[in-house]
Amino acid sequence: MNYEKTICSVCRNASCIIKRNVHLSQLSRYIDQKSTINCKKGQTFIIEGAPVQGLYFVNKGAVKVTKTGLNGKEQIVRLAKDGEIIGHRGFGAGQFYHIGATALENSSLCNFSLDSMNQMLLEIPKLTYDLMTFYAEELSRSETKVKKFAQMTVREKVIDALLYIFRKFGQKDDFFGIQLSRKDIADFAGTTDEQVIRILSSLKKEGLIQTSGKKIGTKNVNLLRKEISEHNYFIDS
DNA sequence: TCATTAACTGTCG
DNA sequence: CGACAGTTAATGA
């Protein structure tokens, strides 16, 4: 296990709000306070209901953010990759996380304590502004997601989930840049793994996607988009 | 190798 | 469309 702290100055995550502001001199002492956590695939590093332990950034890897329903069903709220923030709703008023987060791949995470974050945001307006922009985007995504869940059929929701994965992780050698279990896709789309399996195999029969074991890919994104085009929500969510 | 997990199929309410 | 039961394939201890 490698516990070495990742250094922001050599980090490649241009979308990270810390990295974007790393040139600000006030930031350096807070960066010195951060810690790096290495998570193995499948490891849960934010437990729903546990006390907030600050803010996490994905340095490298992939993470799912989840919320558990009353029946114990897991809902994947979003996926996060390099440069993205996790646990950002945990601070402010809330004392406890109301989401969970587990690594989908071996991942390294940067963690800033609550105190660190609060002082940073009070002291550096540019950082606060960037975070606010991020919140605004998140809220907008969340709103369109509500519409989706209300209006889309299961087939459309699964296609939408596939497009989300495609957008976020891209495709390499005809398959998506991340391998998710059918269960994870189901938890994201708000359905069951059996439904996902069935829809994936019919999509495969129709030639819209190809699968090989856990690997899924598409050769015709536009055809997939067309299926849910009436909903017009495929822009970004 | 055996045991556990994931993928898939069929059926029923 | 979801829930359940059951089979097969893949994975890993």
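Labels below follow one simple rule: chain letters A, B, ... track the order of the sequence lines, proteins then strands, and each chain is numbered from 1.
The ring-ring contact (aromatic ring centres under 6.0 Å, His included) search around A:Y30 returns none, not counting sequence neighbours. Under the side chain to side chain contact (heavy atoms under 4.5 Å, CB included) criterion, A:C11 pairs with A:N13, A:K19, A:N59, not counting sequence neighbours. In terms of the salt bridge (charged side-chain N to carboxylate O under 4.0 Å, His left out) criterion, residue partners of A:E227 (sequence neighbours excluded) are, by chain and number, A:R155. Partners of A:D82 by side-chain hydrogen bond (donor to acceptor under 3.5 Å, both in side chains), not counting sequence neighbours: none found. Under the ring-ring contact (aromatic ring centres under 6.0 Å, His included) criterion, A:F176 pairs with no residue, sequence neighbours left out. Residues satisfying the salt bridge (charged side-chain N to carboxylate O under 4.0 Å, His left out) test with A:E84, not counting sequence neighbours, are A:R78, A:K168. For A:F134, the ring-ring contact (aromatic ring centres under 6.0 Å, His included) partners are A:H88, not counting sequence neighbours. With sequence neighbours left out, the salt bridge (charged side-chain N to carboxylate O under 4.0 Å, His left out) criterion links A:K126 to A:D130.
Comparing the axis of the opening five pairs of the helix from B:dT1-C:dA13 to B:dG13-C:dC1 with that of the closing five pairs yields an angle of 10°, rounded to 10°.
Read 5' to 3', the first and last nucleotides of DNA chain C with an atom closer than 4.0 Å to a heavy atom of chain A are C:dC1 to C:dC4.
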_One character per nucleotide, please: for nucleotides 6-13 of chain B, 5' to 3', B when the base has a protein heavy atom closer than 4.0 Å, S when only the sugar-phosphate does, - otherwise._
-SBBBB--
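Residues A:I86 and A:F45 meet the side-chain proximity criterion, which asks for heavy atoms closer than 4.5 Å.
Through chains of ILVMFWY side-chain contacts below 4.5 Å, A:M132 is grouped with A:Y129.
Looking at heavy-atom distances under 4.0 Å, A:T191 makes contact with sugar-phosphate atoms alone, never a base.
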